[in-house]
Undergrad: 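Right, I'll just put the structure down here and ask away after.
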Amino acid sequence: MRQKYGNILLYFAAAVLMGVGIHLTQEYRFYNIAVNDLFIYDWADIWAKLCRTGGFATLTASFLTQFFHIPFAGTAIVTVLYLLAARIFACIGKKLAANGGIACGSGFIPVIFLFLCLDNDYYRFQGHTGYIIVLAAVYAYISLPSDRPKLRYAAGILSIPLLYHLSGSVTAVYAICIFICEVIRNGLKGLPALIYPAVLALTAFINVEYSMVDSWEHALTPFMYYSWPSTYNFPFTAWILAPVVMLLVWKTSGFKMSERVNVWIASAGFVAAFAISGYLYSQVHSRSYYRLIQEQHWASEGDWDRIIETADRRQPNYLISYLNLALAQKGQLVEKLGYYNPQPVSKVMFPTQNLKTGLTLQSTVYLAWGYVSAARQAAFDADMVTPGMHNPQQLKVLVLTNLALDAPEVAEKYLGILDKTLFHRAWSGNMKRLMADPAAAEKDETLARLRRSLPQTGGYVRYEGLKGDMRDIAAADPSNTILAQFYTAYQMLETLEER
């Protein structure tokens, strides 16, 4: 009884500490994830995803991440998922007759590497949901009666291709874990369970052969869940640790300890995992990139004061930046340009390696300038490279720019996508009402500003370079103070560079 209440207290403390740690380190990462994937409430789209390899894990991830734009929702959802993963590990250990304290404490070790995967924008959230799905499947397999081997083998063989289709390559963890389970329970008599890795290999071969998966590298490794090749190896570590933890708790099953000692061991396991995660996070975390996605979120909320107040004067400030946009919104760009470590005009933008984030910055700044053609191109490109197919922020930019360019049929296409979402359909409905009422559309401040900014040169697109296009937009709309400030700033930086 004491151990039961001790474990409840442990998981409560773990929930609090994990929640605080995750929120402090990943708050703005969640906002960024929320615009990386768009859950479409359309049966055709849902069915299309379910028909793809790993589709159920993708769909589950997409459904959950749509709520990440709500403050604290991402923290709450991820904390619950990680505690669930740790609890499943503990339950698996107990099924193997392991020591309760070690089974409970060691379950947190793979979870810390899942947490570290959050810091990698290229590793899709599908990898997290798929991992938890296969852990639950491992527990379900181990729960089958040990005296009915035919049932277990039939379940194992049939579940591997099914699970592979639902969750993807992380099924490799499932195949290895249930093989180890049979060997742990039956010794050499469990070796026929080698059929499980063989079934996995056959399933992967079929998926690669029929082009349902890109390559063998994707078919059996975490690369299936990467939107871009990356050097972070934390997903591999989380996968490897799943069977390692099973073997660890099994090898310690002979240790008999009191309930109090078990609770202390479980607590020590969590504290160790928490400390290791903090150290590794400090080694891989990119402060400059995290700052960029912070500013991206604040700009989307129109919180210009926060961007300015938290700016670091020592960091390089490029012409196209959220800081300069915030200063321009406050009418202070020209006055304070030299205050924030300005960079030469030849280095026009922060050199981020994340293409989507850089394009999002461009579309945001260009839209504020009234640089309609460039904003539309940047938004289109950003939407194309979004891991989850569509980016709601960029879809809205595409709607506004196409309406400004008198292309309502193109805008309707993007509104049709937003119509099928939970949190953006209201905005879509407002835009459709605006399109149906030309008089109201003419009075809309945003559309009117964008249309005024179109250069009167016989065409919508200019090819005279950034400075030439800025000059033309400024001439087309003298009331565009945002662009006027940036144009003056460009000239000032140009003069400084020439000196």
Side-chain angles (χ1 to χ4, degrees), residues 36-65 117 120 122-138 140-141 152-180 182 192-230 232-233 235-236 238-240 242-243 356 383-390 417 420:
N36 273 346
D37 201 354
L38 198 59
F39 188 83
I40 307 295
Y41 287 83
D42 179 78
W43 285 113
D45 183 78
I46 291 171
W47 179 250
K49 286 182 178 178
L50 288 175
C51 288
R52 293 199 293 265
T53 299
F56 181 73
T58 300
L59 204 62
T60 305
S62 180
F63 178 80
L64 292 175
T65 56
C117 293
N120 188 344
Y122 299 121
Y123 190 70
R124 299 192 299 273
F125 200 68
Q126 172 194 4
H128 294 73
T129 55
Y131 190 88
I132 294 171
I133 289 169
V134 300
L135 282 185
V138 171
Y141 178 89
R152 293 199 314 278
Y153 279 106
I157 292 170
L158 294 175
S159 61
I160 288 173
L162 174 63
L163 201 58
Y164 192 92
H165 183 75
L166 295 176
S167 300
S169 60
V170 72
T171 306
V173 174
Y174 173 75
I176 298 300
C177 284
I178 62 175
F179 163 69
I180 289 175
E182 290 296 334
L194 281 169
I195 194 173
Y196 296 151
V199 172
L200 172 70
L202 177 61
T203 303
F205 172 78
I206 292 172
N207 275 265
V208 173
E209 192 70 16
Y210 287 91
S211 301
M212 291 181 282
V213 175
D214 290 341
S215 65
W216 277 97
E217 187 179 46
H218 289 77
L220 293 171
T221 73
F223 281 122
M224 175 179 281
Y225 309 109
Y226 279 91
S227 58
W228 194 262
S230 177
Y232 287 14
N233 294 318
F236 289 90
W239 284 28
I240 292 168
K356 179 190 72 68
D383 190 57
M384 288 294 290
V385 298
T386 295
M389 299 299 290
H390 288 298
I417 299 171
K420 298 174 183 177

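One is the number of the first residue; the rest follow in order along the sequence.
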Undergrad: Apply the test side-chain contact (heavy atoms from CB on, under 4.5 Å) to residues Trp239 and Phe236: give CA-CA distance (whole Å), side-chain angles for both, the deciding distance (0.1 Å), then the verdict.
TA: CA-CA 5 Å; Trp239 284 28; Phe236 289 90; 5.7 Å; no
Undergrad: Is it the case that the side chain of Ser167 and the backbone of Tyr164 share a donor-acceptor pair, with hydrogens and angles ignored and the cut-off at 3.5 Å?
TA: no
Undergrad: Which value, rounded to the nearest 0.5 Å, describes the distance between Leu166 atom CG and Arg52 atom CZ?
TA: 14.0 Å
Undergrad: Looking only at heavy atoms, which two atoms of Thr171 and Gly168 are closest? And how far apart?
TA: OG1-O, 2.8 Å
Undergrad: Nearest 0.5 Å please: distance from the OG1 atom of Thr65 over to the CG atom of Asp37.
TA: 4.5 Å
Undergrad: Using the ring of each side chain (for Trp, its six-membered ring), is Tyr41 parallel, tilted or perpendicular to Phe63, with breaks at 30° and 60°?
TA: perpendicular
Undergrad: Tell me if the NZ atom of Lys420 is crowded by more than 12 foreign heavy atoms within 6.0 Å.
TA: no
Undergrad: Which pair of heavy atoms, one from Ile240 and one from Pro243, lies closest together, and at what distance?
TA: O-CD, 3.1 Å
Undergrad: In Å and rounded to the nearest 0.5 Å, what is the CG to CD1 distance from Leu202 to Ile157?
TA: 11.5 Å
Undergrad: Could you please spell out the steps behind the side-chain contact (heavy atoms from CB on, under 4.5 Å) verdict for Thr129 and Phe125?
TA: CA-CA 7 Å; Thr129 55; Phe125 200 68; 4.0 Å; yes
Undergrad: Heavy atoms only: give me the nearest Ile178-Ala175 pair and the separation to one decimal.
TA: CG1-O, 3.5 Å
Undergrad: Roughly how far, to the nearest 0.5 Å, is CD1 of Ile417 from NE2 of His390?
TA: 3.5 Å
Undergrad: Can Leu200 and Leu220 be said to form a side-chain contact (heavy atoms from CB on, under 4.5 Å), step by step?
TA: CA-CA 9 Å; Leu200 172 70; Leu220 293 171; 3.9 Å; yes
Undergrad: Check the pair His128, Tyr123 against ring-ring contact (aromatic ring centres under 6.0 Å, His included), reporting the backbone distance first and the verdict last.
TA: CA-CA 9 Å; His128 294 73; Tyr123 190 70; 5.8 Å; yes
Undergrad: From Ser62 OG over to Gln126 CD, what is the distance, rounded to the nearest 0.5 angstrom?
TA: 10.0 Å
Undergrad: Taking all non-hydrogen atoms of both residues into account, name the closest pair between Ile206 and Met212 and its distance.
TA: O-CE, 3.9 Å
Undergrad: Quick one, Leu59 and Phe39 - any side-chain contact, counting heavy atoms below 4.5 Å?
TA: yes
Undergrad: Might you point out which heavy atoms bring Leu163 and Ala137 nearest each other, and give the distance in Å?
TA: CD2-CB, 3.7 Å
Undergrad: Rounded to the nearest 0.5 Å, how far apart are CH2 of Trp43 and CG of Leu50?
TA: 9.0 Å
Undergrad: Within the distance-only criterion (no hydrogens, no angle test), does the side chain of Arg124 pair as donor or acceptor with the backbone N or O of Met224 below 3.5 angstrom?
TA: yes
Undergrad: Do Tyr141 and Glu182 meet the criterion of a side-chain donor-acceptor pair at a distance under 3.5 Å?
TA: yes
Undergrad: If you take all heavy atoms of Tyr225 and Ser169, which pair is closest and at what distance?
TA: OH-N, 3.1 Å
Undergrad: Assess the side chains of Thr53 and Asn207: does a donor N or O sit below 3.5 Å from an acceptor N or O?
TA: yes
Undergrad: Are more than 12 heavy atoms, taken from residues, nucleotides or ligands other than Ile195, located less than 6.0 Å from that residue's CD1 atom?
TA: no
Undergrad: Does any non-hydrogen side-chain atom of Val199 lie less than 4.5 Å from one of Pro161?
TA: yes
Undergrad: Please lay out, stage by stage, how Tyr174 and Phe179 fare under the test ring-ring contact (aromatic ring centres under 6.0 Å, His included).
TA: CA-CA 8 Å; Tyr174 173 75; Phe179 163 69; over 10 Å; no
